[in-house]
Student: 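Sharing a structure with you now.
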Amino acid sequence: MEGRTESINVLMLPWLGHGHISPFLELAKKLAERNFHIFFCSTPVNLGTIKDQISQKYSPSIELVELHLPSLPDLPPHYHTTKGLPPHLMPTLKKAFEMASPGFHKIIKSLRPDLLIYDFLQPWAPALASSLNIPGVEFLCCSTVMTCFVKHISLYPGINFPFPGIYLREYETHKFNLLLESSVDGVKDADKIEECFKQSLDVVLVKTFREIEAEYIDYLSDITSKKIVPVGPLVQDSIYEEERKGIIEWLDKKERKSTLFVSFGTEFFLSKEDMEEIAYGLELSMLNFIWVVRFPVGEQTSTTSTTLEASLPEGFLERVGDRGMVVEGWAPQARILEHSSIGGFVSHCGWSSVMESMKNGVPIVAMPMHLDQPCNARLVEDVGVGIEVKRDGNGNLHREEVAMVIQAVVMGEKGESVRKKAKELGQNMINNGDQEIDEAVEELVKLCLNKNCNP
Ligand SMILES: C[C@@H]1O[C@H](OP(=O)(O)OP(=O)(O)OC[C@H]2O[C@@H](n3ccc(=O)[nH]c3=O)[C@H](O)[C@@H]2O)[C@H](O)[C@H](O)[C@H]1O
(Lines give C-alpha, C1' and ligand atoms only; values in the text may rest on other atoms or scores of the structure.)
Protein backbone atom coordinates (compact mmCIF):
# COMPACT_ATOMS: atom_id res chain seq x y z
CA MET A 1 0.00 0.00 0.00
CA GLU A 2 3.05 2.20 0.25
CA GLY A 3 2.89 5.31 -1.96
CA ARG A 4 -0.83 4.94 -2.63
CA THR A 5 -1.57 7.77 -5.03
CA GLU A 6 -5.35 8.05 -5.13
CA SER A 7 -7.07 9.18 -1.93
CA ILE A 8 -9.79 7.12 -0.26
CA ASN A 9 -13.00 9.02 0.43
CA VAL A 10 -14.38 8.41 3.92
CA LEU A 11 -17.70 9.57 5.35
CA MET A 12 -17.62 9.85 9.17
CA LEU A 13 -20.70 9.85 11.40
CA PRO A 14 -19.88 10.19 15.13
CA TRP A 15 -22.52 10.19 17.88
CA LEU A 16 -23.56 13.71 18.88
CA GLY A 17 -21.40 13.92 22.03
CA HIS A 18 -18.21 16.00 22.28
CA GLY A 19 -16.49 12.93 23.78
CA HIS A 20 -17.16 11.30 20.37
CA ILE A 21 -16.84 14.27 18.01
CA SER A 22 -13.35 15.04 19.33
CA PRO A 23 -11.89 11.50 18.85
CA PHE A 24 -13.49 11.21 15.39
CA LEU A 25 -11.92 14.56 14.43
CA GLU A 26 -8.51 13.39 15.67
CA LEU A 27 -8.90 10.18 13.63
CA ALA A 28 -9.92 12.29 10.62
CA LYS A 29 -6.72 14.33 10.97
CA LYS A 30 -4.54 11.20 11.16
CA LEU A 31 -6.24 9.76 8.05
CA ALA A 32 -6.05 13.08 6.19
CA GLU A 33 -2.28 13.01 6.77
CA ARG A 34 -2.29 9.61 5.04
CA ASN A 35 -4.04 10.51 1.80
CA PHE A 36 -7.66 10.03 2.86
CA HIS A 37 -10.37 12.58 2.11
CA ILE A 38 -12.83 12.92 5.00
CA PHE A 39 -16.47 14.06 4.92
CA PHE A 40 -17.19 14.79 8.60
CA CYS A 41 -20.93 14.64 9.22
CA SER A 42 -22.67 16.07 12.30
CA THR A 43 -25.22 18.66 13.39
CA PRO A 44 -24.50 22.36 12.74
CA VAL A 45 -24.02 23.05 16.48
CA ASN A 46 -21.39 20.29 16.73
CA LEU A 47 -19.64 21.34 13.52
CA GLY A 48 -19.58 24.89 14.87
CA THR A 49 -17.49 23.82 17.83
CA ILE A 50 -14.84 22.05 15.73
CA LYS A 51 -14.54 24.17 12.58
CA ASP A 52 -11.80 26.33 14.12
CA GLN A 53 -9.80 23.17 14.91
CA ILE A 54 -9.57 22.30 11.21
CA SER A 55 -6.54 24.37 10.39
CA GLN A 56 -5.23 25.29 6.97
CA LYS A 57 -3.24 22.05 7.06
CA TYR A 58 -6.41 19.92 7.06
CA SER A 59 -9.07 22.07 5.42
CA PRO A 60 -8.62 20.64 1.90
CA SER A 61 -8.85 17.05 3.18
CA ILE A 62 -11.55 17.38 5.83
CA GLU A 63 -14.93 18.69 4.69
CA LEU A 64 -17.77 19.40 7.13
CA VAL A 65 -21.19 18.03 6.14
CA GLU A 66 -24.30 19.22 8.00
CA LEU A 67 -26.80 16.67 9.25
CA HIS A 68 -30.11 18.35 10.14
CA LEU A 69 -32.18 16.80 12.90
CA PRO A 70 -35.97 17.26 12.83
CA SER A 71 -37.08 20.10 15.08
CA LEU A 72 -38.80 18.44 18.03
CA PRO A 73 -40.53 20.28 20.86
CA ASP A 74 -38.02 20.87 23.73
CA LEU A 75 -35.13 20.20 21.34
CA PRO A 76 -34.13 23.47 19.64
CA PRO A 77 -31.01 23.36 17.37
CA HIS A 78 -28.59 24.39 20.16
CA TYR A 79 -29.59 21.17 21.92
CA HIS A 80 -28.53 19.01 18.91
CA THR A 81 -25.46 17.97 20.93
CA THR A 82 -24.88 16.32 24.29
CA LYS A 83 -22.65 19.22 25.34
CA GLY A 84 -24.63 21.06 27.99
CA LEU A 85 -27.81 19.08 27.20
CA PRO A 86 -30.14 18.81 30.22
CA PRO A 87 -29.99 15.06 31.09
CA HIS A 88 -33.76 14.57 30.78
CA LEU A 89 -33.52 15.49 27.07
CA MET A 90 -31.01 12.75 26.17
CA PRO A 91 -33.78 10.30 25.04
CA THR A 92 -35.26 13.09 22.86
CA LEU A 93 -31.87 13.75 21.27
CA LYS A 94 -31.42 10.03 20.56
CA LYS A 95 -34.89 9.94 18.97
CA ALA A 96 -34.13 13.02 16.83
CA PHE A 97 -30.88 11.36 15.67
CA GLU A 98 -32.84 8.27 14.59
CA MET A 99 -35.27 10.51 12.67
CA ALA A 100 -32.31 12.05 10.80
CA SER A 101 -31.54 8.78 8.99
CA PRO A 102 -33.42 9.79 5.79
CA GLY A 103 -31.30 12.95 5.68
CA PHE A 104 -28.19 10.85 6.16
CA HIS A 105 -29.34 8.53 3.35
CA LYS A 106 -29.43 11.53 0.97
CA ILE A 107 -25.91 12.53 2.09
CA ILE A 108 -24.32 9.12 1.60
CA LYS A 109 -26.10 8.60 -1.74
CA SER A 110 -24.80 11.90 -3.09
CA LEU A 111 -21.25 11.54 -1.73
CA ARG A 112 -20.81 7.82 -2.56
CA PRO A 113 -17.74 7.51 -0.30
CA ASP A 114 -15.39 4.52 -0.49
CA LEU A 115 -15.88 3.85 3.22
CA LEU A 116 -18.20 4.82 6.10
CA ILE A 117 -16.73 5.11 9.61
CA TYR A 118 -19.56 5.25 12.13
CA ASP A 119 -20.19 5.22 15.91
CA PHE A 120 -21.83 2.94 18.44
CA LEU A 121 -25.50 4.02 18.45
CA GLN A 122 -26.77 4.23 14.87
CA PRO A 123 -27.14 0.79 13.16
CA TRP A 124 -29.14 2.45 10.37
CA ALA A 125 -25.93 4.12 9.10
CA PRO A 126 -23.98 0.96 8.15
CA ALA A 127 -27.24 -0.58 6.89
CA LEU A 128 -27.76 2.35 4.48
CA ALA A 129 -24.09 2.13 3.42
CA SER A 130 -24.36 -1.59 2.81
CA SER A 131 -27.47 -1.07 0.64
CA LEU A 132 -25.24 1.07 -1.57
CA ASN A 133 -22.39 -1.49 -1.44
CA ILE A 134 -20.29 0.88 0.65
CA PRO A 135 -18.31 -0.87 3.43
CA GLY A 136 -18.91 0.39 6.96
CA VAL A 137 -16.43 0.20 9.85
CA GLU A 138 -17.28 1.05 13.45
CA PHE A 139 -14.96 3.32 15.48
CA LEU A 140 -15.40 2.95 19.26
CA CYS A 141 -14.37 6.03 21.29
CA CYS A 142 -14.85 4.41 24.66
CA SER A 143 -12.34 2.07 26.31
CA THR A 144 -11.89 -1.45 24.94
CA VAL A 145 -12.08 -2.76 28.50
CA MET A 146 -15.67 -1.45 28.69
CA THR A 147 -16.62 -2.94 25.31
CA CYS A 148 -15.03 -6.21 26.42
CA PHE A 149 -16.85 -6.17 29.75
CA VAL A 150 -20.28 -5.58 28.17
CA LYS A 151 -19.69 -8.14 25.41
CA HIS A 152 -18.53 -10.77 27.93
CA ILE A 153 -21.64 -10.28 30.08
CA SER A 154 -23.95 -10.63 27.09
CA LEU A 155 -22.16 -13.75 25.79
CA TYR A 156 -21.39 -15.49 29.09
CA PRO A 157 -23.96 -14.41 31.71
CA GLY A 158 -22.99 -15.53 35.22
CA ILE A 159 -19.37 -16.29 34.25
CA ASN A 160 -16.75 -14.09 35.93
CA PHE A 161 -15.02 -11.59 33.69
CA PRO A 162 -11.55 -13.14 33.13
CA PHE A 163 -9.69 -10.00 34.27
CA PRO A 164 -10.02 -9.71 38.09
CA GLY A 165 -8.87 -6.08 38.14
CA ILE A 166 -12.01 -5.05 36.26
CA TYR A 167 -15.32 -5.29 38.13
CA LEU A 168 -18.30 -3.19 39.23
CA ARG A 169 -18.86 -2.16 42.83
CA GLU A 170 -22.23 -3.03 44.37
CA TYR A 171 -23.56 0.50 44.08
CA GLU A 172 -22.46 0.71 40.41
CA THR A 173 -24.30 -2.43 39.34
CA HIS A 174 -27.72 -0.80 39.51
CA LYS A 175 -26.70 2.12 37.25
CA PHE A 176 -24.99 -0.34 34.88
CA ASN A 177 -28.16 -2.45 34.56
CA LEU A 178 -30.19 0.70 33.91
CA LEU A 179 -27.66 1.56 31.18
CA LEU A 180 -28.21 -1.85 29.57
CA GLU A 181 -32.00 -1.39 29.77
CA SER A 182 -32.10 2.19 28.47
CA SER A 183 -34.17 2.45 25.30
CA VAL A 184 -35.79 4.88 22.86
CA ASP A 185 -39.20 4.04 21.37
CA GLY A 186 -38.92 0.52 22.75
CA VAL A 187 -35.54 -0.20 21.10
CA LYS A 188 -32.81 -0.83 23.69
CA ASP A 189 -29.53 1.11 23.32
CA ALA A 190 -27.77 -2.18 24.08
CA ASP A 191 -29.36 -3.78 21.01
CA LYS A 192 -28.30 -0.85 18.81
CA ILE A 193 -24.77 -1.09 20.20
CA GLU A 194 -24.72 -4.83 19.49
CA GLU A 195 -26.05 -4.29 15.95
CA CYS A 196 -23.50 -1.56 15.22
CA PHE A 197 -20.71 -3.89 16.28
CA LYS A 198 -22.09 -6.77 14.22
CA GLN A 199 -22.46 -4.68 11.04
CA SER A 200 -18.86 -3.50 11.11
CA LEU A 201 -17.06 -5.09 8.18
CA ASP A 202 -14.24 -7.47 9.30
CA VAL A 203 -12.63 -4.90 11.65
CA VAL A 204 -13.65 -2.60 14.51
CA LEU A 205 -11.46 0.45 15.20
CA VAL A 206 -10.83 1.28 18.87
CA LYS A 207 -9.36 4.40 20.46
CA THR A 208 -6.57 2.85 22.49
CA PHE A 209 -3.09 1.33 22.33
CA ARG A 210 -1.69 -2.06 23.20
CA GLU A 211 0.55 -0.98 26.10
CA ILE A 212 -2.53 -0.49 28.31
CA GLU A 213 -5.26 -2.60 26.65
CA ALA A 214 -3.60 -5.46 24.73
CA GLU A 215 -5.33 -8.16 26.79
CA TYR A 216 -8.77 -6.61 26.18
CA ILE A 217 -8.11 -6.08 22.46
CA ASP A 218 -7.10 -9.74 22.11
CA TYR A 219 -9.95 -11.08 24.27
CA LEU A 220 -12.54 -9.05 22.32
CA SER A 221 -11.15 -10.38 19.03
CA ASP A 222 -11.30 -13.91 20.47
CA ILE A 223 -14.95 -13.74 21.62
CA THR A 224 -16.25 -11.96 18.52
CA SER A 225 -15.69 -12.47 14.78
CA LYS A 226 -14.04 -9.07 14.41
CA LYS A 227 -10.43 -7.99 14.20
CA ILE A 228 -10.12 -5.31 16.90
CA VAL A 229 -7.75 -2.64 15.53
CA PRO A 230 -6.32 0.06 17.87
CA VAL A 231 -5.80 3.50 16.30
CA GLY A 232 -3.79 4.90 19.23
CA PRO A 233 -4.75 7.39 21.98
CA LEU A 234 -5.64 10.19 19.50
CA VAL A 235 -4.85 12.87 22.05
CA GLN A 236 -5.85 16.28 20.69
CA ASP A 237 -3.18 18.98 20.27
CA SER A 238 -3.69 21.81 22.73
CA ILE A 239 -4.87 25.03 21.14
CA TYR A 240 -4.29 28.55 22.42
CA GLU A 241 -7.61 30.15 23.42
CA GLU A 242 -7.21 33.89 23.92
CA GLU A 243 -10.36 34.10 26.02
CA ARG A 244 -8.98 31.52 28.48
CA LYS A 245 -5.48 32.95 28.82
CA GLY A 246 -6.28 34.06 32.38
CA ILE A 247 -6.35 30.41 33.42
CA ILE A 248 -2.87 29.75 32.04
CA GLU A 249 -1.55 32.97 33.61
CA TRP A 250 -2.97 31.82 36.97
CA LEU A 251 -1.26 28.42 36.58
CA ASP A 252 2.03 30.13 35.61
CA LYS A 253 2.17 31.50 39.16
CA LYS A 254 1.89 28.05 40.78
CA GLU A 255 4.80 25.81 41.69
CA ARG A 256 5.65 22.80 39.59
CA LYS A 257 3.25 19.86 40.11
CA SER A 258 1.52 21.70 42.97
CA THR A 259 -1.92 22.06 41.43
CA LEU A 260 -4.90 19.77 40.77
CA PHE A 261 -7.06 19.93 37.66
CA VAL A 262 -10.65 18.90 38.45
CA SER A 263 -13.10 18.19 35.61
CA PHE A 264 -15.93 15.72 34.87
CA GLY A 265 -16.28 15.84 31.09
CA THR A 266 -18.75 17.49 28.77
CA GLU A 267 -21.95 15.57 29.56
CA PHE A 268 -22.10 15.04 33.30
CA PHE A 269 -23.48 17.35 35.98
CA LEU A 270 -22.47 16.74 39.60
CA SER A 271 -25.17 16.11 42.19
CA LYS A 272 -25.42 18.69 45.00
CA GLU A 273 -24.11 16.10 47.46
CA ASP A 274 -21.05 15.20 45.32
CA MET A 275 -20.38 18.89 44.68
CA GLU A 276 -20.29 19.56 48.42
CA GLU A 277 -18.03 16.62 49.31
CA ILE A 278 -15.63 17.45 46.45
CA ALA A 279 -15.49 21.10 47.53
CA TYR A 280 -14.73 20.24 51.17
CA GLY A 281 -12.28 17.55 50.02
CA LEU A 282 -10.38 20.12 47.93
CA GLU A 283 -10.40 22.51 50.89
CA LEU A 284 -9.14 19.85 53.31
CA SER A 285 -6.39 18.76 50.88
CA MET A 286 -4.76 22.19 51.20
CA LEU A 287 -3.62 21.90 47.57
CA ASN A 288 -4.00 24.39 44.72
CA PHE A 289 -6.77 23.45 42.32
CA ILE A 290 -8.58 24.56 39.18
CA TRP A 291 -12.11 23.12 39.06
CA VAL A 292 -14.43 23.17 36.02
CA VAL A 293 -18.03 23.32 37.22
CA ARG A 294 -20.80 22.79 34.67
CA PHE A 295 -24.55 23.30 34.57
CA PRO A 296 -27.03 22.23 31.88
CA VAL A 297 -27.38 24.91 29.18
CA GLY A 298 -30.17 27.25 30.20
CA GLU A 299 -29.30 26.91 33.89
CA GLN A 300 -25.94 28.58 33.50
CA THR A 301 -25.39 31.79 35.30
CA SER A 302 -25.37 35.07 33.47
CA THR A 303 -22.69 36.02 36.01
CA THR A 304 -20.63 33.86 38.35
CA SER A 305 -22.73 35.13 41.24
CA THR A 306 -25.91 33.00 41.24
CA THR A 307 -25.95 29.24 40.41
CA LEU A 308 -22.20 28.80 40.84
CA GLU A 309 -21.93 30.26 44.33
CA ALA A 310 -25.26 28.75 45.35
CA SER A 311 -23.93 25.31 44.40
CA LEU A 312 -20.71 25.67 46.46
CA PRO A 313 -20.50 25.51 50.26
CA GLU A 314 -21.00 28.89 51.89
CA GLY A 315 -17.76 30.87 52.12
CA PHE A 316 -15.86 28.21 50.13
CA LEU A 317 -14.44 30.60 47.54
CA GLU A 318 -13.37 33.08 50.22
CA ARG A 319 -11.68 30.40 52.34
CA VAL A 320 -9.66 28.88 49.50
CA GLY A 321 -8.71 32.30 48.13
CA ASP A 322 -6.03 32.22 45.44
CA ARG A 323 -5.30 28.56 46.17
CA GLY A 324 -8.29 27.65 44.06
CA MET A 325 -9.96 28.72 40.84
CA VAL A 326 -13.49 27.64 39.90
CA VAL A 327 -14.22 27.93 36.16
CA GLU A 328 -17.79 27.71 34.93
CA GLY A 329 -18.63 25.65 31.85
CA TRP A 330 -15.46 24.99 29.89
CA ALA A 331 -11.66 25.09 30.29
CA PRO A 332 -8.80 24.35 27.84
CA GLN A 333 -8.22 20.87 29.29
CA ALA A 334 -5.49 19.79 26.88
CA ARG A 335 -3.49 22.96 27.61
CA ILE A 336 -4.02 22.69 31.35
CA LEU A 337 -2.91 19.03 31.52
CA GLU A 338 0.35 19.87 29.75
CA HIS A 339 1.10 22.75 32.18
CA SER A 340 4.08 22.11 34.49
CA SER A 341 2.14 23.20 37.61
CA ILE A 342 -0.35 20.32 37.27
CA GLY A 343 0.41 17.43 39.64
CA GLY A 344 -2.86 15.50 39.49
CA PHE A 345 -6.19 15.21 37.61
CA VAL A 346 -9.43 14.62 39.52
CA SER A 347 -11.35 13.01 36.68
CA HIS A 348 -14.60 11.14 35.99
CA CYS A 349 -12.42 8.94 33.76
CA GLY A 350 -14.15 9.73 30.48
CA TRP A 351 -11.98 7.93 27.96
CA SER A 352 -10.51 10.98 26.21
CA SER A 353 -9.64 12.53 29.59
CA VAL A 354 -7.88 9.31 30.62
CA MET A 355 -5.84 9.30 27.37
CA GLU A 356 -4.94 12.97 27.75
CA SER A 357 -3.85 12.55 31.38
CA MET A 358 -1.74 9.51 30.48
CA LYS A 359 0.00 11.24 27.57
CA ASN A 360 0.88 14.22 29.78
CA GLY A 361 2.17 11.93 32.54
CA VAL A 362 -0.39 13.36 35.00
CA PRO A 363 -1.52 10.87 37.68
CA ILE A 364 -5.29 10.47 38.06
CA VAL A 365 -7.54 10.84 41.12
CA ALA A 366 -10.26 8.60 39.67
CA MET A 367 -13.84 9.60 40.48
CA PRO A 368 -16.04 7.67 38.02
CA MET A 369 -19.71 8.68 37.71
CA HIS A 370 -21.48 6.40 35.20
CA LEU A 371 -21.33 4.73 31.73
CA ASP A 372 -17.85 3.34 30.97
CA GLN A 373 -16.20 5.39 33.69
CA PRO A 374 -16.19 2.74 36.48
CA CYS A 375 -14.44 0.26 34.14
CA ASN A 376 -12.05 3.02 33.05
CA ALA A 377 -11.27 3.87 36.70
CA ARG A 378 -10.51 0.20 37.49
CA LEU A 379 -8.20 0.12 34.43
CA VAL A 380 -6.43 3.32 35.57
CA GLU A 381 -5.67 1.65 38.93
CA ASP A 382 -4.77 -1.67 37.23
CA VAL A 383 -2.28 0.08 34.91
CA GLY A 384 -0.97 1.91 37.99
CA VAL A 385 -1.37 5.55 36.90
CA GLY A 386 -4.02 6.58 39.39
CA ILE A 387 -5.87 5.92 42.62
CA GLU A 388 -9.66 5.79 42.89
CA VAL A 389 -11.67 7.73 45.44
CA LYS A 390 -13.81 5.00 47.06
CA ARG A 391 -17.47 5.80 47.77
CA ASP A 392 -19.29 4.26 50.74
CA GLY A 393 -21.63 1.26 50.35
CA ASN A 394 -24.47 3.56 49.29
CA GLY A 395 -22.33 5.20 46.63
CA ASN A 396 -21.78 8.44 48.57
CA LEU A 397 -18.56 10.45 48.45
CA HIS A 398 -16.89 11.61 51.66
CA ARG A 399 -14.68 14.68 51.89
CA GLU A 400 -12.05 12.95 54.05
CA GLU A 401 -11.56 10.19 51.45
CA VAL A 402 -11.46 12.80 48.66
CA ALA A 403 -8.75 14.79 50.49
CA MET A 404 -6.76 11.68 51.44
CA VAL A 405 -6.59 10.32 47.86
CA ILE A 406 -5.79 13.75 46.41
CA GLN A 407 -2.84 14.20 48.79
CA ALA A 408 -1.61 10.64 48.17
CA VAL A 409 -1.65 11.02 44.38
CA VAL A 410 -0.07 14.48 44.24
CA MET A 411 2.59 14.21 46.91
CA GLY A 412 2.10 11.28 49.29
CA GLU A 413 4.33 8.23 49.67
CA LYS A 414 1.42 5.97 48.61
CA GLY A 415 1.27 7.79 45.29
CA GLU A 416 4.98 7.70 44.54
CA SER A 417 4.75 4.61 42.31
CA VAL A 418 1.67 6.09 40.60
CA ARG A 419 3.47 9.33 39.78
CA LYS A 420 6.47 7.35 38.49
CA LYS A 421 4.32 5.03 36.32
CA ALA A 422 2.30 7.98 34.96
CA LYS A 423 5.51 9.73 33.89
CA GLU A 424 6.94 6.56 32.32
CA LEU A 425 3.73 5.75 30.41
CA GLY A 426 3.45 9.31 29.12
CA GLN A 427 6.99 9.14 27.81
CA ASN A 428 6.31 5.80 26.10
CA MET A 429 3.21 7.25 24.42
CA ILE A 430 5.23 10.11 23.03
CA ASN A 431 8.04 7.78 21.87
CA ASN A 432 5.58 5.35 20.20
CA GLY A 433 4.10 8.12 18.09
CA ASP A 434 1.65 6.90 15.44
CA GLN A 435 2.54 3.21 15.44
CA GLU A 436 -1.07 2.02 15.78
CA ILE A 437 -2.64 4.37 13.24
CA ASP A 438 -0.26 3.23 10.49
CA GLU A 439 -1.25 -0.39 11.09
CA ALA A 440 -4.95 0.61 11.16
CA VAL A 441 -4.59 2.41 7.82
CA GLU A 442 -3.17 -0.78 6.32
CA GLU A 443 -6.31 -2.60 7.46
CA LEU A 444 -8.65 0.05 6.01
CA VAL A 445 -6.86 0.13 2.66
CA LYS A 446 -6.92 -3.69 2.53
CA LEU A 447 -10.63 -3.61 3.29
CA CYS A 448 -11.24 -1.18 0.46
CA LEU A 449 -9.13 -3.16 -1.98
CA ASN A 450 -11.07 -6.32 -1.13
CA LYS A 451 -14.38 -4.53 -1.46
CA ASN A 452 -13.43 -2.98 -4.79
CA CYS A 453 -13.19 0.43 -3.21
CA ASN A 454 -11.51 2.98 -5.35
CA PRO A 455 -8.14 2.99 -3.45
C1 LIG B 1 -16.12 8.75 25.08
C2 LIG B 1 -17.20 8.89 26.14
O3 LIG B 1 -17.91 10.11 25.95
C4 LIG B 1 -18.30 10.88 27.06
O5 LIG B 1 -17.24 11.78 27.19
P6 LIG B 1 -17.02 13.03 28.19
O7 LIG B 1 -17.20 14.32 27.48
O8 LIG B 1 -17.81 12.85 29.41
O9 LIG B 1 -15.51 12.81 28.62
P10 LIG B 1 -14.21 12.56 27.79
O11 LIG B 1 -14.25 11.27 27.04
O12 LIG B 1 -13.13 12.71 28.80
O13 LIG B 1 -14.13 13.74 26.69
C14 LIG B 1 -14.10 15.10 27.09
C15 LIG B 1 -13.29 15.87 26.07
O16 LIG B 1 -13.64 17.24 26.17
C17 LIG B 1 -12.49 18.03 26.52
N18 LIG B 1 -12.90 19.02 27.53
C19 LIG B 1 -13.84 18.70 28.46
C20 LIG B 1 -14.24 19.66 29.39
C21 LIG B 1 -13.64 20.95 29.36
O22 LIG B 1 -13.93 21.84 30.17
N23 LIG B 1 -12.70 21.21 28.41
C24 LIG B 1 -12.31 20.27 27.50
O25 LIG B 1 -11.44 20.53 26.68
C26 LIG B 1 -11.48 17.05 27.09
O27 LIG B 1 -10.16 17.50 26.84
C28 LIG B 1 -11.80 15.76 26.34
O29 LIG B 1 -11.09 15.73 25.11
C30 LIG B 1 -18.64 9.97 28.28
O31 LIG B 1 -18.51 10.65 29.47
C32 LIG B 1 -17.80 8.72 28.41
O33 LIG B 1 -17.40 8.43 29.76
C34 LIG B 1 -16.63 8.78 27.52
O35 LIG B 1 -15.81 7.61 27.65
Side-chain angles (χ1 to χ4, degrees), residues 14-27 29 46 49-50 52-53 81-85 87 90 93-94 119-121 138-150 172 175-176 179 182 189 193 205-208 213 231 233-241 243-244 247-248 261-270 290-297 300 325-339 342 345-360 362 364 366-380 386:
W15 165 236
L16 302 178
H18 184 84
H20 293 249
I21 298 282
S22 174
F24 266 76
L25 178 60
E26 291 312 310
L27 178 59
K29 290 178 183 175
N46 272 327
T49 61
I50 62 168
D52 298 342
Q53 296 173 47
T81 177
T82 67
K83 195 169 166 186
L85 184 77
M90 185 63 92
L93 180 63
K94 288 178 180 175
D119 212 328
F120 76 129
L121 212 49
E138 185 179 29
F139 170 42
L140 290 172
C141 309
C142 65
S143 58
T144 303
V145 65
M146 174 66 172
T147 308
C148 229
F149 188 75
V150 172
E172 293 168 334
K175 266 190 192 176
F176 185 78
L179 180 66
S182 66
D189 286 349
I193 292 169
L205 303 176
V206 287
K207 173 188 157 102
T208 191
E213 288 206 290
V231 294
L234 297 183
V235 171
Q236 57 181 324
D237 294 330
S238 60
I239 46 176
Y240 177 74
E241 296 174 74
E243 69 277 20
R244 314 273 182 192
I247 292 175
I248 304 304
F261 178 52
V262 186
S263 179
F264 300 93
T266 64
E267 298 177 358
F268 191 77
F269 305 102
L270 290 172
I290 174 165
W291 181 8
V292 186
V293 175
R294 304 175 61 255
F295 303 96
V297 170
Q300 281 164 317
M325 175 188 277
V326 180
V327 175
E328 186 175 342
W330 185 265
Q333 176 164 311
R335 261 178 72 74
I336 291 169
L337 285 172
E338 68 185 15
H339 196 281
I342 299 296
F345 181 15
V346 178
S347 172
H348 68 323
C349 297
W351 195 233
S352 293
S353 292
V354 169
M355 295 284 101
E356 287 158 18
S357 205
M358 285 179 168
K359 186 157 185 187
N360 285 289
V362 176
I364 295 171
M367 211 181 277
M369 300 293 167
H370 65 161
L371 303 176
D372 58 335
Q373 296 150 28
C375 281
N376 299 349
R378 298 308 106 83
L379 179 87
V380 161

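Whatever order the structure lists them in is the order used to number ligands and atoms, beginning at 1.
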Student: Would you sort out whether Met358 and Val235 count as a side chain to side chain contact (heavy atoms under 4.5 Å, CB included), showing the intermediate values?
Tutor: CA-CA 10 Å; Met358 285 179 168; Val235 171; over 6 Å; no

Student: For residues Trp330 and Lys83, determine if any side-chain heavy atom of one lies less than 4.5 Å from a side-chain heavy atom of the other.
Tutor: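 Side-chain contact under 4.5 Å: yes.
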
Student: Nearest to atom 29 (O) of ligand 1, what protein heavy atom do you find, and at what distance?
Tutor: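 Among all protein heavy atoms, the one nearest atom 29 (O) of ligand 1 is Glu356 OE2, 2.6 Å.
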
Student: Given that the side chain starts at C-beta and the backbone is N, CA, C, O, which of these parts of Gln373 lies under 4.0 Å from ligand 1, counting heavy atoms, or is it both or neither?
Tutor: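 Side chain only; the backbone of Gln373 stays clear of ligand 1.
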
Student: May I ask you to list the atoms of ligand 1 that are less than 4.0 angstrom from any heavy atom of Val292?
Tutor: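 That gives atoms 22 (O) of ligand 1.
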
Student: Write out the residue and atom name of the closest protein heavy atom to atom 2 (C) of ligand 1, then the distance separating them to 0.1 Å.
Tutor: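 The closest heavy atom on the protein side is His20 NE2, 4.0 Å.
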
Student: Without swapping roles, check the side chain of Ser357 against the backbone of Val362 for a donor-acceptor pair under 3.5 Å.
Tutor: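 Yes, the answer is positive, given that a donor and an acceptor are paired below the 3.5 Å cut-off.
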
Student: Could you point out which residue of Ser352, Ser353, Ser347 forms a side chain to side chain donor-acceptor pair (under 3.5 Å) with Gln333?
Tutor: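 With Gln333 as partner, Ser352, Ser353, Ser347 yield a single side chain to side chain donor-acceptor pair (under 3.5 Å), made by Ser353.
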
Student: Angle class for the His20/Phe120 ring planes (parallel below 30°, perpendicular above 60°, tilted otherwise)?
Tutor: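 Ring orientation of His20 relative to Phe120: parallel.
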
Student: Is the closest heavy-atom distance from His348 to ligand 1 below 4.0 Å?
Tutor: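 For ligand 1, residue contact (heavy atoms, under 4.0 Å) with His348 is present.
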
Student: For atom 17 (C) of ligand 1, grab the closest protein heavy atom and report residue, atom and distance to one decimal in Å.
Tutor: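 Sorting protein heavy atoms by distance from atom 17 (C) of ligand 1 puts Trp330 CH2, 3.9 Å first.
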
Student: Side chain of Thr49, backbone of Asn46: donor and acceptor closer than 3.5 Å?
Tutor: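 Pair found, side chain donor or acceptor close to backbone of Asn46.
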
Student: Using a 4.0 Å cutoff against the non-hydrogen atoms of His18, which atoms of ligand 1 qualify?
Tutor: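 Those qualifying, in numeric order: 15 (C), 16 (O).
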
Student: Who's closest to atom 22 (O) of ligand 1 heavy-atom-wise, of Ser143, Ala331, Ala334?
Tutor: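 Ranked by closest heavy atom to atom 22 (O) of ligand 1, first place is Ala331.
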
Student: Nearest to atom 10 (P) of ligand 1 by heavy atom, Ser352, Gly265, Ser238: which?
Tutor: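 The option holding the nearest heavy atom is Ser352.
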
Student: Considering only protein heavy atoms, which is closest to atom 7 (O) of ligand 1, and at what distance to one decimal place?
Tutor: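 Checking every protein heavy atom, the shortest distance to atom 7 (O) of ligand 1 gives Thr266 OG1, 2.6 Å.
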
Student: Verify, without hydrogens or angle tests, whether Glu213 (side chain) and Val145 (backbone) share a donor-acceptor contact under 3.5 angstrom.
Tutor: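 At least one qualifying donor-acceptor pair exists.
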
Student: Have a look at Val327, Asp372, Leu234, Ile21 and point out the one with the heavy atom closest to atom 32 (C) of ligand 1.
Tutor: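 Ranked by closest heavy atom to atom 32 (C) of ligand 1, first place is Asp372.
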
Student: Heavy-atom distance to atom 1 (C) of ligand 1: which of Pro23, Gly19, Cys349 wins?
Tutor: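 Answer by nearest heavy atom: Gly19.
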
Student: Going by heavy atoms in the side chains, are Trp351 and Cys141 under 4.5 Å from each other?
Tutor: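 When only atoms from C-beta onward are counted, Cys141 and Trp351 do not touch, as no gap falls below 4.5 Å.
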
Student: Got the closest protein heavy atom to atom 12 (O) of ligand 1, with its distance?
Tutor: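 Result: Ser353 OG, 2.5 Å.
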
Student: Answer yes when Asp237 and Lys29 have at least one side-chain N-carboxylate O distance shorter than 4.0 Å, and no when they do not.
Tutor: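 Salt bridge between Asp237 and Lys29, a charged N being under 4.0 Å from a carboxylate O: no.
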
